[in-house]
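Here the structure comes first, spelled out in structure tokens, and everything after it is commentary.
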Amino acid sequence: MNAPEPTTHPHNPAAALAAVTQEIAAACRDAGRDPGEVTLVAVSKTFGIDAIEPVIAAGQHVFGENRVQEAAVKWPPLLERYSSIQGTGPRTGGLKNAGPEDGGLKLHMIGALQSNKARDAVRLFDAIHTVDRASLCAALAREIDRQNRAPLLFAEINTGAEAQKAGILPEAADAFIAACRTDYGLTIAGLMCIPPVDDPPVPHFALTAKIARRNGLSLLSMGMSADFALAVRFGATHVRVGSAIFGQRG
Ligand SMILES: *Cc1c(COP(=O)(O)O)cnc(C)c1O
């Protein structure tokens with residue numbers, strides 16, 4: 001007897017990326033927002049270069065990783081190989097005074113960051129979504145000054161006040177954002193949240209947006225594969241989407 005033909009279809013990253021992009025555009029239309037306000041961060045954690053290259057080829061230039069060491073292995077060859085799509089000359093996106101979105105490949109740190117990895121993080125990443133404590137601010141400020149690179153910084157808010165989760169508690173957010181500036185000279189550009197897995201995400205998106213608004217912050221990193229369209233309706237400027245683009249992680 002012959003074995004049955006496999007019925008699973010090969011994952012098509014270009015089609016998946018197009019579907020996500022269209023869903024973001026539709027959510028923007030519904031919310032009366034300009035799709036140009038929303039940056040799709042394609043979360044490539046655990047996926048190798050072979051899986052990432054087709055997504056770059058399909059036109060995606062902003063990627064997210066959650067471990068410094070993994071990013072430090074995977075990304076330098078890709079940044080080198082695709083340097084020609086990086087606007088003018090060297091990678092200018094993280095340099096002081098350069099615009100945050102100049103069309104080149106951009107790498108965003110979305111995972112917990114240890115202070116002893118601040119040097120590599122400032123060197124590798126154009127944005128860090130997980131600023132969550134004073135000791136990390138001190139380490140980042142030192143490296144930003146030393147390397148003359150200024151990644152875009154988001155403070156992570158622990159909107160669900162979950163004991164096991166990183167992030168600043170909502171009631172401590174205003175003081176933390178102010179201290180980043182006054183104590184460390186760091187500009188927090190926006191807020192990031194990861195809603196508790198079992199909660200409806202909307203109250204967490206709304207709370208994060210409210211804290212950003214009262215602190216005059218314009219950027220909101222919220223929304224993942226399951227809820228990015230909803231996050232866009234609640235003002236997300238950065239959605240972090242992994243499995244909906246790359247397929248399930250192994
Ligand atoms: C992995 C991860 C994502 C992407 O998750 P998906 O559900 O695969 O889209 C987003 N944000 C953070 C912080 C992550 O660690």
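Everything numeric here is computed off the predicted structure, so don't read it as measured data. Counting convention: from 1, in listed order, for ligands and their atoms alike.
The list of salt bridge (charged side-chain N to carboxylate O under 4.0 Å, His left out) pairs with a residue in residues 25-40, not counting sequence neighbours, reads D30-R233, R33-E37.
Taking the six-membered ring where tryptophan is involved, the planes of F154 and H129 are essentially parallel, since the angle between them stays under 30° and well short of 60°.
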Check: every ligand 1 N/O to protein N/O pair under 3.5 Å:
residue	atom	partner	partner atom	Å
ligand 1	8 (O)	S243	N	2.8
ligand 1	8 (O)	S243	OG	3.0
ligand 1	8 (O)	R249	NH1	2.8
ligand 1	8 (O)	R249	NH2	3.2
ligand 1	9 (O)	S225	N	3.0
ligand 1	9 (O)	S225	OG	2.5
ligand 1	9 (O)	G242	N	2.8
ligand 1	11 (N)	R240	NE	2.9
ligand 1	15 (O)	K45	NZ	2.7

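Between R81 and E53 there is a salt bridge, since at least one side-chain N of the basic residue sits less than 4.0 Å from a carboxylate O of the acidic one. By the 4.0 Å N-to-carboxylate-O rule, D120 lies close enough to R123 to be salt-bridged with it. Between K74 and E65, at least one side-chain nitrogen of the basic residue sits less than 4.0 Å from a carboxylate oxygen of the acidic one, meeting the salt-bridge criterion.
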Quiz item: Please walk me through it: do L219 and L191 pass side-chain contact (heavy atoms from CB on, under 4.5 Å)?
Solution: CA-CA 6 Å; L219 302 182; L191 302 181; over 6 Å; no
